[in-house]
Protein chains: 2
Amino acid sequence: MKDIVKLYPKPSSPCNCMNIRRASRAVTQFYDATLQPSGLTITQMGLLKVIDALSAPSMSDLAAAFRIDRTTLNRNLKPLAEGGYLQLQRGQDARRREAVLTSSGRQALREAQRLWNEAQQTMADYLGKDDLQQLKSILSKLEAMVP
Amino acid sequence: MKDIVKLYPKPSSPCNCMNIRRASRAVTQFYDATLQPSGLTITQMGLLKVIDALSAPSMSDLAAAFRIDRTTLNRNLKPLAEGGYLQLQRGQDARRREAVLTSSGRQALREAQRLWNEAQQTMADYLGKDDLQQLKSILSKLEAMVP
DNA sequence: ACAATAAATGTGTATATACACTTAAAGAAA
DNA sequence: TTTCTTTAAGTGTATATACACATTTATTGT
């Protein structure tokens, strides 16, 4: 097993948390830069994608699907609603507020996904198959650390 | 090599970027919760630690050492300065603004580091030696993706 | 010395994040 | 039906993040 431990530069911090935060910033910057022509950030693209996949999800539905704090979600949707990418409407249950994509939102999503493919491929090539698989696996495990 | 690919739950998103962002949020929440009694977040502890390690670093020095955008650093230092954890003073070169810890800052750092040891150990135990090593290695590689 | 340039920092604006608290609506209990 | 409770959502506040632009000070070229 030892022979698969690759020798990349040591992380500049001993702190596991700071290390993952730095890497997260770097990857986010890369994806955001690649998606730039679409006018969406990677977070926004992710949100539109989840909304597109679900059927008029409520705020809580979205927060759960996106695994993000409900109040954070609330704020993240704001620029998308103001930009005309989605509409927010009351549900049958008047407490619910449901999100649906506009045609403008679907179009932006398509364009962003085209660019996303590039970013995803570039990152896959950069990491290589094994590291990418390892990364996915460990990130998934880390997510499960917190309820 | 295949036999070391552990079988954790699949990540909930196909997007490498969203996956690392979610994991980063989870780990950050865990560290912040553990550090809570110290009154510092993990980001703030990291900043105090870097300032403590360097000698009256300038804003740009800190940004480079912490690998964060200079303007982000500027804003991150604000609550620490207002909280009396550090002082900001002009350098010989009047363009430079230099950071030094106060005794209050050094004390908070010590307390935070005590708690940080716990968090770090818990995470190491949770991931296990091999995954932790792999993670460090891959995160370091990811960081290098962006100049 | 003066002008041009470079370097260090700060500000405006905008998104991303989450905790504590509040409000509004639906459902349950009396 | 009226009250109690639970559930869904929103707000206040605060930190974290970075890009585009502005300001200040030092350095360099003439």
Rounded distance in Å - CG (A:N74) to P (C:dT15) | 14 Å

N/O donor-acceptor pair, side chain A:R75 with base D:dG12, under 3.5 angstrom = yes

Only residue of B:L109, B:L48, B:D52 satisfying side chain to side chain contact (heavy atoms under 4.5 Å, CB included) with B:L86 is B:L48

Integer-rounded Å distance: D:dT27 P and B:Q92 CD | 12 Å

Presence of A:T72 side-chain N/O under 4.0 Å of C:dA16 phosphate oxygens OP1/OP2 = no

Set out, line by line, the N/O atom pairs under 3.5 Å between protein and nucleotides 23-25 of chain D.
unit_1: D:dT25; atom_1: O2; unit_2: B:R95; atom_2: NH1; d: 3.4

Candidate pair B:D125 and B:T122, rule side-chain hydrogen bond (donor to acceptor under 3.5 Å, both in side chains), full reasoning | CA-CA 5 Å; B:D125 292 345; B:T122 301; 5.9 Å; no

Spell out yes or no: do the side chain of B:R70 and the base of C:dG10 have one donor N/O and one acceptor N/O closer than 3.5 Å?
-> yes

For A:S58, report the nucleic acid contact type (base, sugar-phosphate, nothing); a contact means any heavy atom under 4.0 Å.
-> sugar-phosphate

Return the 5'-most residue of the pair A:Q36, B:T41 with respect to DNA chain D, ranking by each residue's nearest nucleotide.
-> B:T41

Derivation of the salt bridge (Lys or Arg N to Asp or Glu O under 4.0 Å) call for B:E98 and B:R90 = CA-CA 6 Å; B:E98 301 172 339; B:R90 289 285 156 190; over 6 Å; no

Pick the nucleotide of DNA chain D nearest each of A:T71 and B:T43; which residue has the one closer to the 5' end?
-> A:T71

Using a 4.5 Å cut-off on heavy atoms from C-beta on, say whether the side chain of A:R22 contacts that of B:L142.
-> no

Starting at atom CG of B:N76, determine the distance to atom P of C:dA16, rounded to an integer number of angstrom.
-> 17 Å

Taking for each residue the nucleotide of DNA chain C with the nearest heavy atom, is it B:R90 or A:F66 whose nucleotide lies nearer the 5' end?
-> B:R90

Can you find an N or O donor on one side and an acceptor on the other, under 3.5 Å apart, linking the side chain of A:R96 with the base of D:dG10?
-> no

Check the distance between D:dT17's C1' and B:M59's CE and give it to me in whole angstrom.
-> 17 Å

At under 4.0 Å, does any side-chain N or O of A:S60 touch on OP1 or OP2 of D:dT7?
-> no

Do any N or O atoms from the side chain of B:E143 and from the backbone of B:S140 form a donor-acceptor pair under 3.5 angstrom?
-> no

Take A:D69 and B:R25 through the salt bridge (Lys or Arg N to Asp or Glu O under 4.0 Å) test and state the conclusion after the steps.
-> CA-CA 10 Å; A:D69 188 272; B:R25 288 198 297 269; over 6 Å; no

For A:I68 and C:dA16, what is the distance between atoms CD1 and C1' respectively, to the nearest whole Å?
-> 7 Å

OP1 or OP2 of C:dA18 less than 4.0 angstrom from a side-chain nitrogen or oxygen of B:Q29, does that happen here?
-> yes

Rounded distance in Å - CG (B:L73) to P (C:dA8) = 14 Å

B:K141 with A:D131: basic N within carboxylate O range, under 4.0 Å | yes

Length of the CG-C1' vector between B:L62 and C:dA8, whole Å = 13 Å

Pick out the pairs of N or O atoms, protein on one side and nucleotides 1-4 of chain C on the other, that lie under 3.5 Å.
none

